[in-house]
Amino acid sequence: MVDYKVRDIKLAEEGRMLVDYAEKHMPVLMHLRKQHSEKKPLKGMRISGCLHVTKETAVLVETLRAAGAEVAWSGCNPLSTNDKVAAAMAANDIPVFAWNGLSKEEYYWCIEKTLEHRPNLTLDDGADLIFTLHRKHEEMIPELYGGSEETTTGVIRVRAMAEDGALKYPIMAVNDADTKHMFDNVYGTGQSSFDGVLRASAILIAGKTVVISGYGFCGHGLATRARGLGADVVVTEADPVRALQARMDGYRVMPMKQAAKEGDLFITATGMKDIITGEHMKAMKDGAILGNAGHYNVEVNTNDLAALSEGKKRVRPALDEYMLKDGRRLYLLGEGRLVNLVAAEGHPSEVMDLSFAAQLNAMLWLSVNGRNLKPAVYEFPKDLDRQTALAKLETMGIKIDRLTREQAAYATAYAEGT
Ligand SMILES: NC(=O)c1ccc[n+]([C@@H]2O[C@H](COP(=O)([O-])OP(=O)(O)OC[C@H]3O[C@@H](n4cnc5c(N)ncnc54)[C@H](O)[C@@H]3O)[C@@H](O)[C@H]2O)c1
């Protein structure tokens, strides 16, 4: 039995049923698994991963292993691990260090355990593994071919490291693959965050004023789903172009100071800290619900919320009622962490099929090219994006047009006009 630490290994059987179910909804990744199981192109690669332990992640990890890699895993959020899935992974001889409800110390202990595995590839969601490696294990860096980063916030972090000259090995920005952020961030976050809101609060969305902060990829998905459920949608933004886009998409746009007075439900998706602070909370309606879909738990200032309150109680799973000193109550979803992962199951498998096909392709690409690359952040190859999209369309039974030879020539020509 490999080294692992999970909540309860006896949950493995239930976890395996979840993983099997996810596999059936991830045809592109499963096709790639079949394709790479024979030649095992990742043989000799030791991958340490730090990404939410969900049923879809188990499908990715088992695919990496089928392709020849040795893999060790931790979760990338203290509250997002599915304990059943973690047990199923451990029972399948994967060194996994993850359980739901980690303290901060335990969270970093789990990352350290995956580093004992001495990776030559890393796979991150939020860059905590990359950052830990740089800060505490510089001696491991010469062995690294490269790493990949799954989310917007993580890509921003590694780009900042690169600009600062602090990045010491090449990272592929998987988030920036078209087949990742145009689908995962939009449809995945949009649907699964409302899944989380509904499981935790059981409120009716129709007729409510729902405030979405950030009109990026995630915010766009959230606003679309909120409107679909019958909400009056308000968007807050700091970027004038995105604010204009939100308005022209038909939403009301205003500063948070004003939105705070109107909202029944708030969901932040900015990747920025202090989107909702005590100043805003003071203006909110009694009973307003606050949640976050951005990567870190910094968007709703929970210290401010605690300071305004004289007590709190957990009224439902993933829903805390804060009793404010002035008599109002505010509700916080999932302790201000990713509501779709804490209060629900994360993105549906169908969309993670695309994101994790990109992750597998990133690992394959880095295992071949990584040694010759300088420490920098690399774009996902466009041809891989096209291949993945075509493969997904095929699994959906959808055919598309192909450019004729004349059209292909026209696409890059300049001589023909009116
Ligand atoms: N919940 C999930 O499963 C999930 C999935 C993907 C991404 N994410 C995370 O969600 C966050 C957003 O990702 P994205 O891809 O939509 O990023 P994005 O860059 O496309 O959008 C973020 C938007 O927030 C806006 N913003 C920044 N500061 C603001 C402020 N003070 N007030 C209002 N708006 C502000 C920006 O102008 C931008 O338009 C990131 O933290 C990302 O890592 C979460």
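Note that the structure is predicted; figures quoted are calculated from it, not measured. Counting starts at 1 for both ligands and their atoms, in listed order. For reference, positions follow the sequence shown, starting with 1.
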(request) Assign the ring pair His295 / His52 to parallel, tilted or perpendicular, where the plane angle (0 to 90°) is split at 30° and 60°. (result) tilted
Just list the side-chain donor-acceptor pairs under 3.5 Å for residues 231-249, sequence neighbours left out, or say none.
from: Asp232; atom 1: OD1; to: Arg252; atom 2: NE; distance (Å): 3.4
from: Asp232; atom 1: OD2; to: Thr209; atom 2: OG1; distance (Å): 3.2
from: Asp232; atom 1: OD2; to: Arg252; atom 2: NH2; distance (Å): 2.7
from: Thr236; atom 1: OG1; to: Ser213; atom 2: OG; distance (Å): 2.8
from: Glu237; atom 1: OE1; to: Asp239; atom 2: N; distance (Å): 2.9
from: Glu237; atom 1: OE2; to: Tyr215; atom 2: N; distance (Å): 2.6
from: Asp239; atom 1: OD1; to: Val241; atom 2: N; distance (Å): 2.7
from: Asp239; atom 1: OD1; to: Arg242; atom 2: N; distance (Å): 3.2
from: Arg247; atom 1: NH1; to: Tyr251; atom 2: O; distance (Å): 2.9
from: Asp249; atom 1: OD2; to: Tyr215; atom 2: OH; distance (Å): 2.6

(request) Identify the protein heavy atom lying closest to atom 43 (O) of ligand 1, giving its residue, its atom name and the separation to 0.1 Å. (result) Thr151 OG1, 2.6 Å
(message) I want to check something: taking the side chain as every heavy atom from C-beta on, are Leu115 and Leu129 in contact at a cut-off of under 4.5 Å?
(response) yes
(request) Go through ligand 1 atom by atom and flag the ones less than 4.0 Å from a non-hydrogen atom of Met272. (result) 28 (N)
(request) Quick one: look up the protein heavy atom nearest atom 44 (C) of ligand 1 and list residue, atom name and how far away it is. (result) Ala293 O, 3.1 Å
Tabulate below the donor-acceptor pairs under 3.5 Å that side-chain atoms of residues 21-31 make, not counting sequence neighbours, or state none.
from: Glu23; atom 1: OE2; to: Arg33; atom 2: NH1; distance (Å): 3.3
from: His25; atom 1: ND1; to: Tyr21; atom 2: O; distance (Å): 3.0

(request) Mark yes or no for whether Thr151, through its side chain, and Gly154, through its backbone, hold a donor-acceptor pair below 3.5 Å. (result) no
(message) side chain to side chain donor-acceptor pair (under 3.5 Å), that's the test. Do Asn301 and Thr277 meet it? Break it down for me.
(response) CA-CA 5 Å; Asn301 191 320; Thr277 63; over 6 Å; no
(request) Look only at interatomic distance and state if Asn185 has a nitrogen or oxygen under 3.5 Å from any nitrogen or oxygen of ligand 1. (result) yes
(request) Just need the protein heavy atom nearest to atom 3 (O) of ligand 1, so name the residue and atom and give the distance. (result) Asn340 ND2, 2.8 Å
(request) Check Ala269 against ligand 1 and report side chain, backbone, both or neither, counting heavy atoms closer than 4.0 Å. (result) backbone
(request) Identify which of His295, His52, Glu237 has a heavy atom lying nearest to atom 37 (O) of ligand 1. (result) Glu237
(request) Considering only non-hydrogen protein atoms, determine which one is nearest to atom 5 (C) of ligand 1 and report residue, atom name and distance to 0.1 Å. (result) Thr189 OG1, 3.2 Å
(request) Verify the distance criterion only: is there a donor paired with an acceptor across the side chains of Glu299 and Thr270 at less than 3.5 Å? (result) yes
(message) Can you confirm if the aromatic rings of Tyr169 and His134 lie within a centre distance of less than 6.0 Å?
(response) yes
(request) Using a strict cut-off of less than 4.0 Å between a Lys/Arg side-chain nitrogen and an Asp/Glu carboxylate oxygen, indicate whether Glu14 and Lys55 qualify as a salt bridge. (result) no
(request) Number the atoms of ligand 1 from 1 as they appear, then name those within less than 4.0 Å of a heavy atom of Arg242, with their elements. (result) 18 (P), 19 (O), 20 (O), 21 (O), 38 (C), 39 (O)
(request) Find all atoms of ligand 1 within a distance of less than 4.0 Å from any non-hydrogen atom belonging to Gly294, and give their numbers and elements. (result) 9 (C), 10 (O), 11 (C), 41 (O)
(request) Flag Phe217 as yes when one of its N or O atoms lies below 3.5 Å from any N or O atom of ligand 1, and as no otherwise. (result) yes
(message) Give me the residue, atom name and distance of the protein heavy atom closest to atom 21 (O) of ligand 1.
(response) Gly216 CA, 3.2 Å
(request) Determine whether Trp109 and Phe97 make a side-chain contact, defined as any pair of heavy atoms from C-beta on separated by less than 4.5 Å. (result) yes
(request) For atom 30 (C) of ligand 1, grab the closest protein heavy atom and report residue, atom and distance to one decimal in Å. (result) Ile275 CD1, 3.4 Å
(message) For atom 27 (C) of ligand 1, which of the options Ile276, Val298, Thr270 provides the nearest non-hydrogen atom?
(response) Thr270
(request) Can you sort out which atoms of ligand 1 are near Ala238, meaning under 4.0 Å from one of its heavy atoms? (result) 29 (C), 30 (C), 33 (C), 34 (N), 35 (C)
(message) Any carboxylate oxygen within less than 4.0 angstrom of a Lys/Arg side-chain nitrogen, looking at Glu149 and Lys180?
(response) no
(request) State the atoms of ligand 1, each with its element, that fall below the 4.0 Å cut-off from a heavy-atom position in Asp239. (result) 37 (O)
(message) Suppose I only count heavy atoms of His347 and a 4.0 Å limit; which atoms of ligand 1 are within that range?
(response) 2 (C), 3 (O), 5 (C)
(request) Please check if atom CD in Glu13 has more than 12 non-hydrogen atoms from other residues, nucleotides or ligands closer than 6.0 Å. (result) no
(request) Write out the residue and atom name of the closest protein heavy atom to atom 14 (P) of ligand 1, then the distance separating them to 0.1 Å. (result) Thr152 OG1, 3.6 Å
(request) Could you tell me the residue and atom name of the protein heavy atom closest to atom 16 (O) of ligand 1, and the distance to it rounded to 0.1 Å? (result) Cys218 N, 2.8 Å
(request) Decide whether an N or O pair under 3.5 Å exists between Leu338 and ligand 1. (result) no
(request) For Thr153, take its heavy atoms, then give the atoms of ligand 1 lying under 4.0 Å from any of them. (result) 40 (C), 41 (O), 42 (C), 43 (O)
(message) Strictly below 4.0 Å, N to O, side chains only: are Glu116 and Lys113 in salt-bridge contact?
(response) yes
